[in-house]
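To keep things clear, I will list the structure first and then write my remarks on it.
Fair warning: this is a prediction, and the values are worked out from it, not measured in the lab.
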Amino acid sequence: MSGCPCPCSTSASSPLSLLPSIPADPRRSSIAFPSSCGGPRRRGVRVVVAASSKDEKAEEGDPAFNPFGFVTDNPSSRSAIQLPESPAQDGNVGQMLYRTEDKGREYGKSVRSGEFRWFVRETGSPDARRGTIMFIHGAPTQSFSYRTVMAQMTDAGYHCFAPDWIGFGFSEMPQPGYGFDYKEDEFHKAFDELLGTLNVTEPFYLVVQGFIVGSYGLTWALKNPSKLRKVAILNSPLTVSSPVPGVIKQLRLPLFGEFTCQNAILAERFIEAGSPYVLKSEKADVYRLPYLSSGAPGFALLEAARKANFQDVLSRISAGFSSNSWQIPILLAWGESDKYLPLSIAEEFQKSNPKVVKLKTIEGAGHMPQEDWPEKVVSALTSFMF
């Protein structure tokens with residue numbers, strides 16, 4: 001039989017004979033279809049597609065395909081992530097991690113306490129003449145926000161600690177259901193163990209800021225007044241009327257929360273949305289880094305948000321600090337430009353116990369005054385603690 005290139009031929013033929021021909025002109029692609037089995041052999045049909053001028057330009061000058069383009073190749077996200085003008089050249093997760101992996105660990109070290117590894121920032125020495133300050137951050141941020149305040153408070157004579165809560169920042173992030181479920185009482189227990197590990201045995205100053213885990217710092221204080229000298233509260237929910245930010249509401253929604261928690265720029269956008277300022281690139285890198293490194297921080301945040309009973313926690317905070325039994329001095333150092341928690345929240349809280357609670361507004365600062373105006377926060381703290 002004569003050689004037929006189609007698969008039904010009984011004679012052996014090379015598989016290469018079935019491949020399309022390759023055109024010599026790189027701007028033109030052609031595909032040759034083999035002849036059918038039946039009837040006389042005919043020439044194959046050749047389809048010729050000419051590349052558009054746009055395609056030619058893409059081949060000549062455009063950067064390589066960026067698999068993360070859906071995140072970086074639009075003005076809004078590029079501004080938030082603060083990548084270079086060519087995100088395809090510097091916008092993939094590996095390169096972003098390489099650029100930021102050594103940032104944000106000022107004054108910090110890993111500390112094993114109980115079953116978990118904490119990341120703790122420390123400035124000053126245990127024999128500091130004015131005592132110890134413990135700085136507590138809120139969700140979805142980390143202790144990095146206190147770095148400047150800590151350094152300046154140490155210059156003023158204080159010994160300072162600022163831990164990343166379990167599941168946040170650079171601390172350990174255990175999988176929910178395996179030794180840690182991100183409930184309030186578990187955070188309290190872990191914090192008690194950390195104080196023992198850090199050898200904080202004398203009454204100390206407590207500085208608290210933020211949502212969820214920040215609130216847990218205040219509920220811990222209500223249970224441990226004998227361990228405290230004074231309490232300073234930076235913008236935090238304090239009353240049952242305190243609004244909950246939209247992103248935290250989203251985290252509590254089934255399925256939608258799972259997507260929201262894996263947004264690598266969630267923390268920096270949360271900070272900027274509550275502030276009149278945009279974070280500088282080097283600061284945004286640090287808040288983004290844990291969420292870029294793995295999915296664990298996002299799922300930890302998800303669990304903490306879903307396990308939090310906001311109304312119950314805020315009711316206890318509001319009632320506990322307004323009670324006549326609470327006599328430890330409290331300072332409200334409040335960023336007056338907070339877009340989450342208006343100044344009226346602080347004013348309402350202060351009126352409930354005016355003899356104990358003092359209010360100091362931080363002009364120009366937003367939800368995180370320690371990040372926006374650390375110098376003004378230091379001035380307020382030193383005047384209050386001295």
Side-chain angles (χ1 to χ4, degrees), residues 80 135-141 145-146 149 206-219 221-222 231-252 260 266-279 287 301 304-305 308-323 326 329-381 383-384:
F135 293 92
I136 301 297
H137 71 85
T141 63
S145 64
Y146 288 114
V149 173
L206 180 67
V207 179
V208 175
Q209 188 274 328
F211 289 92
I212 307 179
V213 286
S215 296
Y216 294 163
L218 293 177
T219 54
L222 288 172
V231 177
I233 304 175
L234 313 182
N235 300 51
S236 303
L238 299 174
T239 66
V240 292
S241 61
S242 299
V244 178
V247 68
I248 295 180
K249 292 180 179 179
Q250 292 172 6
L251 289 167
R252 294 165 68 87
T260 301
L266 183 152
E268 66 197 78
R269 281 191 165 176
F270 175 85
I271 295 170
E272 291 179 341
S275 168
Y277 310 106
V278 175
L279 287 171
Y287 289 110
L301 175 62
N309 186 335
F310 291 108
Q311 288 301 305
D312 175 64
V313 169
L314 294 179
S315 294
R316 283 185 280 131
I317 290 174
S318 178
F321 289 110
S322 65
S323 170
W326 185 268
I330 295 176
L331 169 70
L332 300 180
W334 206 266
E336 63 179 14
S337 298
D338 190 342
K339 298 177 184 179
Y340 296 127
L341 299 169
L343 181 60
S344 59
I345 298 294
E347 293 172 338
E348 179 184 350
F349 183 81
Q350 193 267 339
K351 289 177 182 179
S352 67
N353 198 348
K355 293 183 179 180
V356 171
V357 181
K358 305 301 179 185
L359 174 60
K360 170 66 176 178
T361 58
I362 308 297
E363 184 179 358
H367 179 63
M368 293 175 60
Q370 72 272 30
E371 183 69 77
D372 292 343
W373 278 99
E375 297 82 6
K376 293 182 179 181
V377 172
V378 168
S379 176
L381 291 179
S383 297
F384 171 66

Q) Got a sec, which pairs hit salt bridge (Lys or Arg N to Asp or Glu O under 4.0 Å) with one end in residues 363-377, sequence neighbours left out? A)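 The answer is Arg147-Glu371, Lys283-Glu371.
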Donor-acceptor check, side chain of [X] to backbone of [Y], threshold 3.5 angstrom: yes or no?
X      : Y      : value
Gln209 : Phe135 : no
Ser322 : Ala319 : yes
Glu272 : Leu279 : yes
Ser383 : Ala380 : no
Tyr146 : Ile136 : yes

Q) Aromatic ring centroids of Phe270 and Tyr340 under 6.0 Å? A) yes
With side chains defined as the heavy atoms from C-beta onward, is the minimum distance between [X] and [Y] less than 4.5 Å?
X      : Y      : answer
Leu238 : Leu332 : yes
Gln350 : Pro354 : yes
Ser215 : Ile317 : yes

Find the distance between [atom1] ([X]) and [atom2] ([Y]) and round it off to the nearest 0.5 Å.
X      : Y      : atom1 : atom2 : answer
Ile271 : Tyr287 : CD1   : OH    : 4.5 Å
Arg252 : Thr260 : CZ    : OG1   : 13.5 Å
Leu251 : Ile212 : CG    : CD1   : 7.0 Å
Leu218 : Ile233 : CG    : CD1   : 4.5 Å
Asp338 : Ile362 : CG    : CD1   : 12.0 Å
Phe310 : Ile248 : CZ    : CD1   : 5.5 Å

Can you list everything that forms a side-chain contact (heavy atoms from CB on, under 4.5 Å) with [X]? Sequence neighbours excluded, please.
X      : answer
Ser242 : Pro237, Thr239, Leu314, Leu341, Ile345
Ser315 : Val240
Ser344 : Pro342, Glu347
Ser337 : Pro276

Minimum-distance pair of heavy atoms, taken over all atoms of [X] and [Y]:
X      : Y      : result
Ala221 : Leu206 : CB-CD2, 3.9 Å
Asn235 : Gly335 : OD1-N, 2.7 Å
Phe321 : Asn353 : O-ND2, 2.9 Å
Pro243 : Phe211 : O-CE2, 3.6 Å
Gly214 : Val208 : O-CG1, 2.9 Å
Glu348 : Ser241 : OE1-OG, 3.3 Å

Q) More than 12 heavy atoms of other residues, nucleotides or ligands under 6.0 Å from NZ of Lys339: is that the case? A) yes
Q. Is there any ring-ring contact (aromatic ring centres under 6.0 Å, His included) pair reaching into residues 231-252, and which pairs are they, with sequence neighbours excluded?
A. none
